[in-house]
A.B. asks: 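Sharing a structure here in structure tokens format.
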Amino acid sequence: QVQLVETGGGLVQPGGALALSCAASGYFHTISYMAWYRQAPGKTREMVARATVTGAGTQAQYSDSVKGRFTVSRDIFKNTLSLQMSNLRPEDTATYFCSGGFYYSRPGLQDRYVEVWGQGTLVTVAS
């Protein structure tokens, strides 16, 4: 019912900038949250940023390691979550994954909730 696809990964020099995008598609009607995680070689997966939408606007949470350098934003019309990365460091090198929680409907049934992960996109920060 729901699929996530990440794009935008690649090679960037230290101090540079890169933007990632996560596109959600399917038959869901409500997004509970969307988030970015990353996993570096030999490391466990960690949360980078999480975004929710309230009546007051988008509320974002960031890991300490990326605060002030990364910014997450949602495009409601396109059902996408973007991650703007700046002042990149070699330790930012990782596969970045998009995740989200979605509600969807089926005839004659209660709404269902599913959490979905994308395939990931590789970001390499090196000179």
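The structure displayed is predicted, hence computed values, not measured ones.
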A.B. asks: Can you tell me how far CH2 of Trp36 sits from OG of Ser82, rounded to the nearest 0.5 angstrom?
C.D. replies: 8.0 Å
A.B. asks: Check step by step if side-chain contact (heavy atoms from CB on, under 4.5 Å) holds for Val114 and Arg112.
C.D. replies: CA-CA 7 Å; Val114 62; Arg112 293 185 177 182; over 6 Å; no
A.B. asks: Restricting to side chain to side chain donor-acceptor pair (under 3.5 Å), what partner residues turn up for Tyr33, sequence neighbours left out?
C.D. replies: Glu115
A.B. asks: Excluding sequence neighbours, so at least two apart, what forms ring-ring contact (aromatic ring centres under 6.0 Å, His included) with Tyr62?
C.D. replies: none
A.B. asks: Can you sort out the partners of Gln39 under side-chain contact (heavy atoms from CB on, under 4.5 Å), two or more places apart, ordered by chain and number?
C.D. replies: Arg45, Phe97
A.B. asks: What are the two closest non-hydrogen atoms of Leu4 and Val116, and how far apart are they?
C.D. replies: CD1-O, 3.4 Å
A.B. asks: List the steps, then state whether side-chain contact (heavy atoms from CB on, under 4.5 Å) holds for Ile31 with Phe102.
C.D. replies: CA-CA 5 Å; Ile31 300 175; Phe102 303 85; 3.7 Å; yes
A.B. asks: With a 3.5 Å cut-off and sequence neighbours excluded, list the donor-acceptor pairs that the side chains of residues 6-23 form with protein atoms.
C.D. replies:
residue: Glu6; atom: OE1; partner: Gln119; partner atom: N; Å: 3.1
residue: Glu6; atom: OE1; partner: Gly120; partner atom: N; Å: 2.8
residue: Glu6; atom: OE2; partner: Cys98; partner atom: N; Å: 2.7
residue: Glu6; atom: OE2; partner: Gly120; partner atom: N; Å: 3.2

A.B. asks: Looking at CZ of Arg74 and CD of Gln59, how far apart are the two atoms once the value is rounded to the nearest 0.5 Å?
C.D. replies: 12.5 Å
A.B. asks: Can you list every pair that meets salt bridge (Lys or Arg N to Asp or Glu O under 4.0 Å) and has a residue in residues 19-35, with sequence neighbours left out?
C.D. replies: none
A.B. asks: Can you list the residues that meet the salt bridge (Lys or Arg N to Asp or Glu O under 4.0 Å) rule with Lys78, with sequence neighbours excluded?
C.D. replies: none
A.B. asks: Give me each pair satisfying side-chain hydrogen bond (donor to acceptor under 3.5 Å, both in side chains) with a member in residues 98-108, each pair once, sequence neighbours excluded.
C.D. replies: His29-Ser105, Ser105-Asp111
A.B. asks: Output every pair passing salt bridge (Lys or Arg N to Asp or Glu O under 4.0 Å) with a member in residues 15-40, not counting sequence neighbours, ordered by first then second residue.
C.D. replies: Arg38-Glu46, Arg38-Asp92
A.B. asks: Looking at OG1 of Thr93 and CG of Leu122, how far apart are the two atoms once the value is rounded to the nearest 0.5 Å?
C.D. replies: 8.0 Å
A.B. asks: If every non-hydrogen atom of Tyr113 is compared with every non-hydrogen atom of Ser32, which pair is closest and at what distance?
C.D. replies: CE1-CB, 3.7 Å
A.B. asks: How would you list, by chain and number, every residue that makes a side-chain contact (heavy atoms from CB on, under 4.5 Å) with Ser25, sequence neighbours excluded?
C.D. replies: Gln3
A.B. asks: Among residues at least two apart in sequence or on other chains, which ones pass side-chain contact (heavy atoms from CB on, under 4.5 Å) with Asn87?
C.D. replies: Arg69
A.B. asks: Not counting sequence neighbours, which residues clear side chain to side chain donor-acceptor pair (under 3.5 Å) with Asp75? List them please.
C.D. replies: none
A.B. asks: Transitively linked via ILVMFWY side-chain contacts under 4.5 Å: Leu83 with Leu88?
C.D. replies: yes
A.B. asks: Rounded to the nearest 0.5 Å, how far apart are CG of Leu81 and CZ of Arg50?
C.D. replies: 11.0 Å
A.B. asks: For Ser63, what residues pass the side-chain contact (heavy atoms from CB on, under 4.5 Å) criterion, not counting sequence neighbours?
C.D. replies: Ser65, Val66
